[in-house]
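In what follows, every heavy atom counts, from backbone to side chain, and hydrogens, waters and symmetry copies are set aside. Residue numbers start from 1 in every chain, and the chains themselves are labelled A, B, ... in the order their sequence lines are given, proteins ahead of strands.
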Amino acid sequence: MALLEIEDLHASVDGHEILKGVNLTLNAGEVHSIMGPNGSGKSTLAQVLARRETYAVTQGRVLYDGKDLLGMKPEEAACEGLFLAFQYPVEIPGIGNAYFLRTAMNAIRKYRGEDELDAMDFLPVFRERLKLLEMDDALMNRSVNEGFSGGEKKRNEILQMAMLEPKLAILDETDSGLDIDALRIVAHGVNAMRSRERAFLVITHYQRLLDFIVPDFVHVLVEGKIVRSGGPELALELEEKGYGWTEAQAQPA
Amino acid sequence: MSTSVETIRDLAQQEYKWGFVTKIDEDRVPKGLNEDIVRVISARKGEPEFMLEWRLKALRHWQSLERKEAEPKWANITYGPIDYQDIVYYSAPKQKPALDSLESLDPEILRTYEKLGIPLEEQKRLAGVAVDAVFDSVSVATTFKGKLAEMGVIFCSFSEAVQKHPDLVRKYLGSVVPYTDNFFASLNAAVFTDGSFVYVPKGVRCPMELSTYFRINAAETGQFERTLIVADEGAYVSYLEGCTAPIRDENQLHAAVVELVALDNAQIKYSTVQNWYPGDKEGRGGIYNFVTKRGKCVGVNAKISWTQVETGSAITWKYPSCILQGDNSVGEFYSVALTNNRQQADTGTKMIHIGKNTRSTIVTKGISAGRGQNTYRGQVKIMKSATGARNYTQCDSLLIGEHCGAHTFPYIDVRNSTARMEHEASTSRIGENQLFYLRQRGLKTEEAVSMIVNGFCKTVFRELPMEFAVEAQKLLGVSLEGSVG
Ligand SMILES: Nc1ncnc2c1ncn2[C@@H]1O[C@H](COP(=O)(O)OP(=O)(O)OP(=O)(O)O)[C@@H](O)[C@H]1O
Ligand SMILES: [Mg+2]
């Protein structure tokens, strides 16, 4: 059974239709990449899947793990194992990173009927993941994303993903703003999490990321529709020819 | 399309959890205020002559104020007229509480305090908090007294202090807040029925948090308690007060006075978690909390620190202040004030710099939700004599929803050119993007709001004793539930 099945998804913001009939299927264990020009609706798709309420779904159906995703609230989707690494992570002043993460983990555990983690259970795992992402302990005593550099924020998103261990992780331009070393570290973190039970939807503009995180499928989103799908080689082709080429192909016959 | 704002609006309304009424026999005087009532109160308490006289002077002063203009009108709050003749000024649990033994206390009262989570019983004393509990007008039990007495610390009800330590009371009563200070302070001086008294002798560091728990139970009753804390030279004490009241449709008046006196090198830390019944969603009922709190750093290097978390009351009118008289003395005010539904708060502080090199810090966090109105009003006064004085003020407001308000009135009066003043202010709103971010990580909207608000208040919570900081965080969460929108 597919982990995520998107059928004819239409969504709009403030009355503007942004997604105009997206179809996409992800199986557990797969990594899919979505590419596409600025403003084509990639983040919109990510946020709709994460159930942001400022986006209205006007048509279509999404099954996630066999359940109706569009009927879920953001926190329900999160507790069902859907994780979104934000293109623009948000600052929460006054709330320490570690405390925030433990609260989030416990919210999810509670939803699943599991015992809450106390600091003793939490810390060893936390330290191990910090190491995996080569993150500075000092950063963790600071407030969530407050005063973090662009790259630090992105890396923090991946740290959260590594702690929350989602079934479906959507990464929205996590590579933008990362230096070469950070890119490698983040990719390593993602690869370490690839497993048969987990799927990734990786939104990016750069083929470079896909050298590190090799996807099973690449899709091209243009003007709210997936106009082309293929293997990793599609990313190379795009790099060479640009989106104009796919847009030409997208013209209805 | 459902927006996030609408979603938050849908949240279930949380009821006030402390709104129960305890059934006990009360000994109460008839409604109304006149010389006879004051005499009755003083007689019931078996007070010495000087107390009665002081009360009567206060009453006359209050009566003259009432004839002129009644309550002060400058605060940014609105409420109907208060009929001072329609209030019961003394109500006490009938069975006369024997202060030294909890066994003789009405079990109903003990159960009430259990419900409120106050560690009154012997086995619970391990918590390390000495508690004085004021039920309606009378102090019902003071724990830990023996242990404190060994160190010479006096911690008892005000009534008991009047009996056992009349010289101390006489020396310091009204020395910081005279009975002429303001309308409500005069009223309190005339009719106050109990409260707490603390004296920490020279050089003693009080080994535990002292705590008073105030509870208004009886209907149509005002609560007028008076607290006096004296830290002698080099002494240190940390004191906490908490307050709750039952749900009632009518408004109840609470007009307390707190006086702090810090002598040379002494330090007083005073923390409040105020959770009086705030009234219902439409603004029916709730406590009118009109309180005068002031501390005086009489000696050099003295320090007085106020920390308050104000979540309750229909109306809060209160300005815990510091008179920095001793050279190098320090005043601090840390405040979180939350107004939800129809609550109104006009709160802040006054820092009066008299001594040289005196320093003051003001950090306030105002949170407005629902139709709540939150006003910060603060005054920093640097007198001519206060060479080298410094003040730092930071006022932040957080708005939740579209129908609430935040207002800031900082008054600065500098009469010495060496003064250094810093002022920062900000107003922000909880963003939909912040809420979505937290919800995407698994938190419910309420939990997300509560987390953002707690983060906002962190610099103030840090000043609270640990266990009370936890309590304050929970309280904020509860006070905010169903508020957003
Ligand atoms: N409130 C709004 N009203 C109208 N249009 C909006 C609104 N919010 C977003 N849009 C538009 O929706 C379109 C899709 O935006 P989206 O963020 O999904 O693009 P994207 O593919 O992620 O782009 P990028 O590569 O730049 O991140 C954009 O044209 C954007 O301007
Ligand atoms: Mg985007």
| Pair Arg51(A) + Glu76(A), salt bridge at N-O below 4.0 Å | no

| Centroid-centroid distance, Tyr437(B) to Phe86(A), less than 6.0 Å | yes

| request: State which residues pass ring pair (Phe, Tyr, Trp, His ring centres under 6.0 Å) with Tyr319(B); sequence neighbours excluded, sorted by chain then number. | output: Trp74(B), Trp317(B)

| message | Between Asn191(A) (side chain only) and Ala187(A) (backbone N and O only), is there a donor and an acceptor less than 3.5 Å apart? | response | yes

| field | chain B contact via Val144(A) - side chain, backbone, both or neither, heavy atoms under 4.5 Å | value | side chain

| Ring centre gap for Trp306(B) and Phe333(B) strictly below 6.0 Å | no

| Geometric cation-pi criterion, Arg129(A) with Phe126(A): 6.0 Å, 45° | no

| message | With a 4.5 angstrom heavy-atom cut-off, is it the side chain or the backbone of Leu84(A) that approaches chain B, or both, or neither? | response | both

| Is it the backbone or the side chain of Leu101(A) that comes under 4.5 Å from a heavy atom of chain B, or both, or neither? | neither

| note | Okay, Glu80(A) and chain B: the region with an atom under 4.5 Å from a heavy atom over there is neither

| Contact class of Tyr111(A) relative to chain B, heavy atoms under 4.5 angstrom | neither

| query | Where does Tyr88(A) contact chain B at under 4.5 Å (heavy atoms): side chain, backbone, both or neither? | reply | neither

| query | Where does Ala77(A) contact chain B at under 4.5 Å (heavy atoms): side chain, backbone, both or neither? | reply | neither

